[in-house]
Amino acid sequence: MMANRLRTLLTMLGIIIGITSVVLLLAVGDSMKRFIAKELEQLGTNMLFVSPGGDRAQQQRMRTGAAPALTMADAAALNALPSLAGAAGVLQGGFNLAVGNENASKTVHGVTPAMFKIRGWKIDKGSAFSDADVRAASRMVVIGKKIADQFFYKVDPLGKYIRIENVSFQVVGVLYGEGKQVDGGDLADYVLVPITASAANLVRLPFPGNVHYVVAQGKSGGNLQDAIQDINETLRDRHHIKFEQPDDFRIDNLASFAETAQKISAGLAALLGLIGAISLIVGGIGIMNIMLVSVTERTREIGIRMAIGAKPRDVLLQFLTEAVVICLVGGIFGIMLATGAAAAITSTGKFDVFITLQAVVVACGFSSLVGVFFGFYPARRASRLLPVDCLRYE
């Protein structure tokens, strides 16, 4: 190996590339699964979203000119269900926000104080509005960090006013944190007002008391399917839907989205690992080719060794050891390259990739197996050569 450094290095290069691929792709797959799990945990996998719609809306109510709807009373009825930790209605719409000469179009959510507990929203500065504020339809607003930075840069926003569609709302709180929410929005970009203030000043609804959708939260440790069944029965009873008629509402279960996302991420992680394994197999084939050439070139060496007492298993072990050493050294360099690549990806701040001990162990074990598997045939061929033929070989 030392006498043919360039050839050894080129042979090792295939293993280095293969191990780098295996370790890095396994790390990316694992990081992707952890990222998805973290995002879903933030959203809450026991969340249920109830919205108006369904076959009944298209087939029956649309014919009579009546649109299916959910109401604040529906949300209150769901909130009383023992299988739910809480339920609250939401009004939302896109409106123009302005402070001085600064203005922007944002989605404004009309909510109740219960929504802060259901969605796990926390206040960084100030406070959330109360039930009394909702009853009074007080014009107050809780904003996200990005909204605060945009309209009140380096100024304390508490007590200041934001005009929403030329209606002044006083800032009473700033939300803590940021990140994508289940509706696709960013928590730091949220604008929250009392639902009654939204209905009175912003959203124009055909009937008072209507909401765009209801957010419900299953009880911790409870059966989410039981909660879905309770919601279904309660709303069918409240909406006077007969047995043979379909629902005029839809229940979206975030847990089913989480399960689907986990399956997809697991499949992608397996696919990435397979791609890396293919690269390693290609490197192993290169080792076998070079080892076969080496056996041919060292035929006389093999003959001399066997003539002075070496047994076939000694020759087999010699060539097998060379193949394994090439793979292990290549594996070490591959792990180092993969670690550097993972650090480079993480440094971008867009995606965190961490090399796990499991990935390193799998890579080292796999590289050893590749060395044994692809080195065995050349080594066995060398061990079966006859000494007399080896010594006569030119």
N/O donor-acceptor pairs under 3.5 Å from side chains in residues 160-169, not counting sequence neighbours:
{"residue": "Lys160", "atom": "NZ", "partner": "Asp156", "partner atom": "O", "Å": "3.1"}
{"residue": "Glu165", "atom": "OE2", "partner": "Asn96", "partner atom": "N", "Å": "2.7"}

Residues 74-90 side chain polar contacts: donor-acceptor under 3.5 Å, at least two apart:
{"residue": "Asp74", "atom": "OD1", "partner": "Arg238", "partner atom": "NE", "Å": "2.6"}
{"residue": "Asp74", "atom": "OD1", "partner": "Arg238", "partner atom": "NH2", "Å": "3.4"}
{"residue": "Asp74", "atom": "OD2", "partner": "Thr71", "partner atom": "N", "Å": "3.1"}
{"residue": "Asp74", "atom": "OD2", "partner": "Thr71", "partner atom": "OG1", "Å": "3.4"}
{"residue": "Asp74", "atom": "OD2", "partner": "His239", "partner atom": "NE2", "Å": "3.0"}
{"residue": "Asn79", "atom": "OD1", "partner": "Ala87", "partner atom": "N", "Å": "3.0"}
{"residue": "Ser83", "atom": "OG", "partner": "Asp230", "partner atom": "OD2", "Å": "2.7"}

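Here the straight-line distance linking atom NZ of Lys122 with atom CG of Leu187 works out to 11.5 Å at 0.5 Å rounding. Atom CG of residue Leu235 and atom CG of residue Leu70 lie 6.5 Å apart, to the nearest 0.5 angstrom. In this structure, Asp237 CG and Asn232 CG are separated by 11.0 Å, a value rounded to the nearest 0.5 Å. To the nearest 0.5 Å, atoms CG (Leu317) and NZ (Lys311) are separated by 13.0 Å. To the nearest 0.5 angstrom, Met47 atom CE is 5.5 Å from Arg119 atom CZ. Taken from CG in Leu192 to CD1 in Ile143, the straight-line distance is 10.0 Å, to the nearest 0.5 Å.
Ser51 meets the side-chain hydrogen bond (donor to acceptor under 3.5 Å, both in side chains) test with Arg250; sequence neighbours excluded. Listed by chain and residue number, Asn223 satisfy the side chain to side chain contact (heavy atoms under 4.5 Å, CB included) test with Asp226 (two or more places apart in sequence, or in another chain). Residues satisfying the side-chain hydrogen bond (donor to acceptor under 3.5 Å, both in side chains) test with Arg139, not counting sequence neighbours, are none. Listed by chain and residue number, Glu233 satisfy the side-chain hydrogen bond (donor to acceptor under 3.5 Å, both in side chains) test with Gln229 (two or more places apart in sequence, or in another chain). In this structure, the salt bridge (charged side-chain N to carboxylate O under 4.0 Å, His left out) partners of Lys146, at least two apart in sequence or on a different chain, are Asp186. For the side-chain hydrogen bond (donor to acceptor under 3.5 Å, both in side chains) test, no residue two or more places apart in sequence or in another chain qualifies with Ser127.
A side-chain donor from one of Asp133 and Ser130 sits under 3.5 Å from a side-chain acceptor of the other.
Contact check for Val141 versus Gln170: no side-chain heavy atoms found under the 4.5 Å cut-off. In this structure, Ile195 and Val211 have side chains that are in contact, with non-hydrogen atoms separated by less than 4.5 Å. Taking the side chain as every heavy atom from C-beta outward, Asp248 and Pro52 never approach each other to under 4.5 Å.
For the pair His212 (side chain) and Gln92 (backbone), a donor-acceptor distance under 3.5 Å is present.
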Worked check of side-chain contact (heavy atoms from CB on, under 4.5 Å) between Asp124 and Leu175: CA-CA 5 Å; Asp124 185 39; Leu175 287 171; over 6 Å; no

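A centroid separation of 6.0 Å or more is found between the aromatic rings of Trp121 and Tyr176.
Sorted by first and then second residue, the ring-ring contact (aromatic ring centres under 6.0 Å, His included) pairs with a member in residues 129-158 read Phe116-Phe129; sequence neighbours excluded. Sorted by first and then second residue, the ring-ring contact (aromatic ring centres under 6.0 Å, His included) pairs involving residues 69-102 (not counting sequence neighbours) form an empty list. Sorted by first and then second residue, the salt bridge (charged side-chain N to carboxylate O under 4.0 Å, His left out) pairs involving residues 102-114 (not counting sequence neighbours) are Lys106-Asp189.
The minimum heavy-atom distance linking Ile241 with Pro246 is given by the pair CG2-O, 3.5 Å.
Residues Leu13 make up the rest of the hydrophobic cluster containing Ile17, defined by ILVMFWY side-chain heavy atoms closer than 4.5 Å, directly or through other members.
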